[in-house]
Student: 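Could you have a look at this structure, given as structure tokens, before my questions?
So that the names make sense, note that chain A is the first sequence line, chain B the second, and so on, each numbered from 1.
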Amino acid sequence: MSDTVATPSTATFDQFGLSADILKAIAEQGYTTPTPIQAQAIPVVLAGRDVMGAAQTGTGKTASFSLPIIQRLLPLASTSASPARHPVRALILTPTRELADQVAANVQAYAKHTALRSAVVFGGVDMNPQSAELRRGVEILIATPGRLLDHVQQKTANLGQVQILVLDEADRMLDMGFLPDLQRILNLLPKDRQTLLFSATFSGEIKKLAATYLRNPQTIEVARSNSTAANVTQIVYEVAEGDKTGAVVQLIRERNLKQVIVFCNSKIGASRLARQLERDGVVATAIHGDRSQSERMQALDAFKRGEIEALVATDVAARGLDIAELPAVINFDLPFNAEDYVHRIGRTGRAGASGDALSLFSANERKQLQDIEKLIKRPLDVERLVVDSPVRHHHDERGSARRGRDERDERGSRRRSGGGFERSSGGHAHRQAPIDDFFLKPYEPSPSALSAASARRDETENVPQKPASKQPLAALLGGFGMPRKTTSS
DNA sequence: AAAAAAC
């Protein structure tokens, strides 16, 4: 088997041999042209090979594995209502709950004209609806590791028939200490299966994981990891620590940012900043791990609907979240982990649009800045930002905090010409990024209601024996039966 | 140092 992938030159989804039901769903999503990772990964996944994929979020990664998985499982799709006809055949693991929900929404959309069922399980919410769905049977299960193991223990999830495993954001899962959970899950799966591992970076740990659990994987790399998109303008503003809140307000006002994600390093800091922004007239809400799952979902939902100007987030939102491209992100703190910087600013300037990554930098963050510059292999422009409306942290609702809104004078922060800051005489300067083009796709939380109607119809079961498709069942089931090392060392 | 994730 060759290790090179020919990137197809034609630019439509027709070239992959996907079924009409899948193509229809793709068209309904408004997608016409495969992204680079889709063009590379779809044929490889369809061919049944293991994949080691490096791709940033926003590159179309989810579709690159979901579409071929659905295609491969189609011969096994059943309209029977019997749960036994709907064992879990594809398992997709993600590090965060929000990401799981989002992947599930995508899978649901792509599979909606097929008889395949999908479900998502993650923690922080009632187990019972999840259990009920699992008992009905689903072919494609999206999950965070902890809750999945919970379901396994409760015997509501059986992973004995999984043929395809996806580890999404694998590096993140390792960072978060999921390795023991992953190993436990992997030990529950048939050894003979297809495994797809996606990771932003190929660290030594990731390579070890791949060496242990993948079989002759095809490496697919689209954007060089640790690279930052060329269409993202990165600016670092030096500002006194105590002026950071005022700086955020000022940046939002001066740049006329309709929507922005503001990243903080701590959960408490995020909550506090959200409150202070609200006090200063910015519609803001916080999203972090100490908020309840329903609060997290509501916050994200409201932000996606455009009801919130500033989503103040910890790194729970740094990776994976598929929010339509934002005009800007702000780093309230520089992240301790330089890689998180790359992920955070990946929330802007996506899909070809331009974006600004604005980072606040105070004297005690020199180390973080150095690490970031080392990682992205270039120095960052540092400008001084004079904050003229410092936000009081106590009970000062009047006075200086309010002055910023009325006067909006912007000494200090000046950029190169063409930037978003300058004011033309007596009116609004035009921003470089056309704000009119910016809209948010409505967020759809995982629809749990599958096409139950069609599941009812046909009780006379057609057990798939010889699928007429290009993917023979034998290939789907694996084929080689190579013994797999279980982890040692 | 901090974040995330099962109860």
Student: Let's see if you can work this out: which of dA2(B), dA4(B), dA5(B) has an atom nearest to the side-chain heavy atoms of His288(A)?
Tutor: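 Comparing dA2(B), dA4(B), dA5(B) against the side chain of His288(A), the answer is dA4(B).
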Student: Return the value, rounded to whole Å, for the distance between atom NE2 of His151(A) and atom P of dA6(B).
Tutor: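 So the two atoms are 10 Å apart, to the nearest Å.
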Student: Rounded to whole Å, please give me the gap between CZ in Phe178(A) and C1' in dA3(B).
Tutor: 12 Å
Student: How long is the line joining CD1 of Ile268(A) and P of dA4(B), in whole Å?
Tutor: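 Going from Ile268(A) (CD1) to dA4(B) (P), I get 12 Å.
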Student: Under 6.0 Å from the ring centre and within 45 degrees of the ring axis: does the NZ or CZ of Lys207(A) meet both conditions for the six-membered ring of Phe202(A)?
Tutor: no
Student: Using atom CG of Leu182(A) as one end and atom P of dA4(B) as the other, report the distance to the nearest whole Å.
Tutor: 18 Å
Student: Taking CE from Met176(A) and P from dA2(B), how many angstroms apart are they, rounded to a whole number?
Tutor: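 Taking CE of Met176(A) and P of dA2(B), I get 17 Å after rounding.
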Student: Distance check: side-chain N/O of Arg97(A) vs OP1/OP2 of dA6(B), anything under 4.0 Å?
Tutor: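 Checking dA6(B) against Arg97(A), a side-chain N or O does come within under 4.0 Å of OP1 or OP2.
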Student: Provide, to the nearest angstrom, the distance between the CZ atom belonging to Arg172(A) and the C1' atom belonging to dA2(B).
Tutor: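 Result: 11 Å.
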Student: Counting heavy atoms from C-beta on, name the nucleotide in dA4(B), dA2(B), dA6(B) closest to the side chain of Phe336(A).
Tutor: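 The answer is dA2(B).
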Student: Side chain of Thr96(A) only, heavy atoms from C-beta on: which candidate in dA3(B), dA6(B), dA4(B) is closest?
Tutor: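 Looking only at side-chain atoms, Thr96(A) lies closest to dA4(B).
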Student: Name the nucleic acid region contacted by Asn265(A), choosing base, sugar-phosphate or nothing; use a 4.0 angstrom heavy-atom cut-off, strictly under.
Tutor: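 Sugar-phosphate contact only - Asn265(A) comes under 4.0 Å of backbone atoms but never of a base.
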Student: Could you state the atom-to-atom distance from CG of Asp126(A) to P of dA6(B) in whole Å?
Tutor: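 The distance from CG of Asp126(A) to P of dA6(B) comes to 14 Å, rounded to the nearest Å.
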Student: Verify the contact: side-chain N or O of Thr314(A) to OP1 or OP2 of dA2(B), cut-off strictly under 4.0 Å; return yes or no.
Tutor: no
Student: Looking at Glu339(A) and Arg344(A), is there a salt bridge between them, counting it only when a charged N and a carboxylate O are closer than 4.0 Å?
Tutor: no
Student: Are OP1 or OP2 of dA4(B) and a side-chain N or O of Lys267(A) less than 4.0 angstrom apart?
Tutor: yes
Student: Would you call Asp175(A)-Arg172(A) a salt bridge at under 4.0 Å N-O?
Tutor: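 Judged by the 4.0 Å cut-off on N to carboxylate O distance, Asp175(A) and Arg172(A) do not form a salt bridge.
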Student: Nearest to the side chain of Glu98(A), heavy atoms from C-beta on, is which of dA4(B), dA6(B), dA5(B)?
Tutor: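 From the listed options, dA5(B) comes nearest.
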Student: Regarding Asp280(A) and Arg275(A), does a basic nitrogen lie under 4.0 Å from an acidic carboxylate oxygen?
Tutor: no
Student: Please work out if Gly177(A) contacts a base, only the sugar-phosphate, or nothing of the nucleic acid, heavy-atom cut-off 4.0 Å.
Tutor: nothing
Student: Report the distance from atom CZ of Arg366(A) to atom P of dA1(B), rounded to the nearest whole Å.
Tutor: 19 Å
Student: Does this structure show an ion pair linking Lys244(A) with Glu365(A), if we count only N-O contacts that are shorter than 4.0 Å?
Tutor: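 Counted as a salt bridge, because a side-chain N and a carboxylate O are separated by less than 4.0 Å.
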